[in-house]
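See structure below.
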Amino acid sequence: MEKTLIQNDILIDLKHITKSFGSHMVLDDFSLYIRKNEFVTLLGPSGCGKTTTLRIIAGFETPDTGEVFFEGKNINSLPPEKREINTVFQKYSLFTHMTIAENIAFGLKIRKKPKAYIEEKIKYALELVGLTGFEDRCPETLSGGQQQRIAIARAIVNEPKILLLDEPLGALDLKLRQSMQLELMRLKNELGITFVYVTHDQEEALTMSDTIVIMNQGYIQQIGTPEDIYNEPENAFVADFIGDVNMLDGKVISKSAVEMLGTSFPCTDEGFEAGTKVDVVIRPEDIVLTNPGEGTIDGLVEEVIFKGVHYQMKVRCRGYAFFVCSTVCREAGSKAGLQIDPFNIRLMPKPQSDDERAVHEE
Amino acid sequence: MNRASQKRTLLAFPYIFWIIAFTLIPVLILFWYAFTDAEGAFTLKYLAAVFQKVHLKSLWMSVRLSFVCTVLCLLIAYPLSLCMRSLKISRKWMLTTIVIIPMWMNFVLRIMSWQLILSKNGILNRLFSMLSLPPQNLANSGAAIVIGMVYDFLPFMLLPIYNSVMDVEEDVLEAARDLGAGTLTVIFKILVPLNRPGIISGITMVFVPALTTFAISDMLGGGKVMLIGNIIEQEFLNTMNTHLGSGLSLILMVFILIGMLFSFRLERDQEEYKAKSTAEKEKELC
C-alpha cells in the first residue's frame, strides 16, 4: 500500500540516523517518519535496534550522525525533559516513595499546573486505566498489570504528542497481556495521540498496530500495515519473523511457474526472469491436503499435533518437511497430496549484498 | 525444642557470651557507679553533675561540633556518591577504596598528620603564604577538631549513602526526566527521598562517634577545647573519679539513644506507611 506523504502530517522524522555503542553498530543510516495519530510498532528480535530508536526519539540517546525532527524542528540537542514526548518503561519505573496520586501528578507539578487541574487529571487518568480509588496506595502494593497501567496514566496526564512504549507488556502473563493490548488500543483511540510501541512479539504487533516497522540488525526490513506484512512479506526475514512459514529454494521456470523439490508449481508472482534462483515462501495455512496423487506433490504425514482450532502437521516431500495447518486431520504415517493455490506461493529474490544477507542471520 | 533450633542456640552462644561479657556487664557496672557514691550509697549527684557549668559547656561544644561534622560529612558524601554513580566505576572496587584503604594507616597516625598540616608553621600555612593569603590559626581549635572528625568519619557517611545511591535504578531517573524533571528536581524529588534510609544511617553512624570522641579532640584541640568525651576521659584516668565519669557517660548515652530513636522513628514511619497500603490492598481482595 502506497502512503501519500503529507508534509505537515509528519510528527517525528528520523533522518539517516547512525548510532553505535563501542564497536557495535546498532543503527545504520536509519530513516523513518511517524505520522500523527499513528500506532506504529517497531518489531524485531532483541538487539535489532528498536529500543535504541525509541530512546533516540525520547532523547535518552543522541545519534552519532543524522537528525531527529519533531514537527519539522530539529530536536537533536533537546534533552528528554524538554520534549513533548512521554515514555512507558518496560519495568514500570514508578516512584516507590510516592503514592499513586503523587506519581501521576509528578509531571503536572513540574509544569506548575493549578491544584484543581491536577486533581481532576488524576481522577480522569485513573478512570481511564480502570483504577479509580487507588490514589493513596503505594506502588509496591499493586500487581504488575496495575503498576503498568499507573505508568501509562502517569505518562498520558501530561498530554504528550507521542507516547513511547518500550515492551510495556513484556513482564505480564498471557491473559493480562491480551487484555492490556485491547486496553491500549482503546486508550489510543480515546486520546488520539501517536503511539510508538516496541516489541519482539509479532502477535502483539499484528493485533495493535496501524503500521509495523520490522527491524533487524539496525536496518528496516519492511514497513507496512499488519496485513501487508503478513500477506506480502518483502523478504525472507520478514516472512520468517511474522508467523510460521515454509521456506524453500526454487528456480523460476516461466512467468507462471516455479520449480522446487524437482516439481513445477504454478504461481502468479511476476517480475523474475526464467532461470532466476529465488526463495519460495508458503504459509502453513495455505497448503491444502488432498488424497495421494490428487495434489501437485505427494508426501508422507510424519507428525500430527492437535492445536485446538486446527491440526498442525509435518508432511515430508522429497526430503523437505512441510509445515501444514489444517482443520482436517490426516493420520500420521499416511500418504497425502499437497495442493497450493498459485497466488499463495510467494517468490523472493535471494539476498545479494552484505546488508541484505544480515537479514538471514537471525 | 527441635534439633534445628537447638543447633541455632548453640551457634548463637559465642555471640551471646560476647554481648554479656563485653557490653551488658560493663553497662551494668557503669550504672552501678553512676548511681552510687564512694561509700556505696545511692545518689543522683553524679547524674546531676552534668548541670555544672563546665560540663554543660563541654556537652554543648560536643553537640555543636558533631553537628557541624555530620552536616559537613553529608554535604561531602552525597554529591560525591552522585558523582561516583555517574562515573560508573565498579561498585566493588569503589567500596574497597572507601572502606579498606583508609584502614591501612593507623588512626593515631592519621590524626597526627593533621596536627602537622594545621600547626602554626605547618603545610597549610606555608601554602597560604605562598599564595599570599593571611596565615590561619587553626591548630588547637574547634575547627581543627571538626576537620579531624570529618576526615576520620567520612567513610561511615559515604558507605551507606553510596550504597543507597547505587541501588536506585537508572530507569526510575529516566522516567523522572521523561516527565519533565531537570537535574535538580531529579536529585531532590527522586534521589534524596529514595536514599533517605541511607542518609539516616549515615547521619547516625557519624553523629554518634563524633559526639563521644576524645582522641581526636585531645590531639587536635591541644587541651584547649574540652569536649564531653575529654571530660569523661579525665574523670576516669586523671582524677580517678569513676562515679562522676560513669554519671556523665550515662547522660551521654541518653543523648545517643534519643538520636537513634529519632532516626528509627523516621525509618519506621516509612515502613508503617507501606504496611498500611498493603493492608488496604488485602482488605480489598477479600
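Between B:E169 and A:S93 the shortest side-chain heavy-atom distance does not fall below 4.5 Å. B:K189 is not listed as a side-chain neighbour of A:F95, based on a closest heavy-atom distance of 4.5 Å or more. Within the 4.5 Å cutoff, the side chain of A:H97 has heavy atoms near those of the B:I190 side chain.
Summarising the geometry of B:A175 relative to A:R154, their closest heavy-atom pair is CB-NH2, 3.5 Å, with the distance given to 0.1 Å. Closest non-hydrogen pair, A:P80 versus B:R177, comes out as CD-NH2, 3.4 Å.
Interface remark: A:L108 contributes no atoms to any contact with chain B (heavy atom separation under 4.5 Å). For A:N86, the parts lying under 4.5 angstrom from a heavy atom of chain B are both the backbone and the side chain. For B:E174, the parts sitting under 4.5 Å from any heavy atom of chain A are the backbone and the side chain alike. Only the side chain of A:R111 comes within contact range of chain B, judged by heavy atoms closer than 4.5 Å.
Under a cut-off of 6.0 angstrom, the local environment of CZ in B:F107 is crowded, with over 12 non-hydrogen atoms contributed by other residues, nucleotides or ligands. Heavy-atom neighbours of A:F21 CZ from other residues, nucleotides or ligands within 6.0 Å: above the threshold of 12. Within a 6.0 Å sphere centred on CD of A:E120, heavy atoms belonging to other residues, nucleotides or ligands number 12 at most. Around the CZ atom of B:F255, the shell of radius 6.0 Å holds no more than 12 heavy atoms that belong to other residues, nucleotides or ligands. Counting non-hydrogen atoms of other residues, nucleotides and ligands closer than 6.0 Å to OH of A:Y117 gives a total above 12.
Contacts with chain A were tallied for B:D178, B:V168, B:L173, B:V172; B:D178 has the most, counting heavy-atom pairs under 4.5 Å.
Atoms CD1 and CG, from A:I110 and B:L179 in turn, are 6.5 Å apart once rounded to the nearest 0.5 Å.
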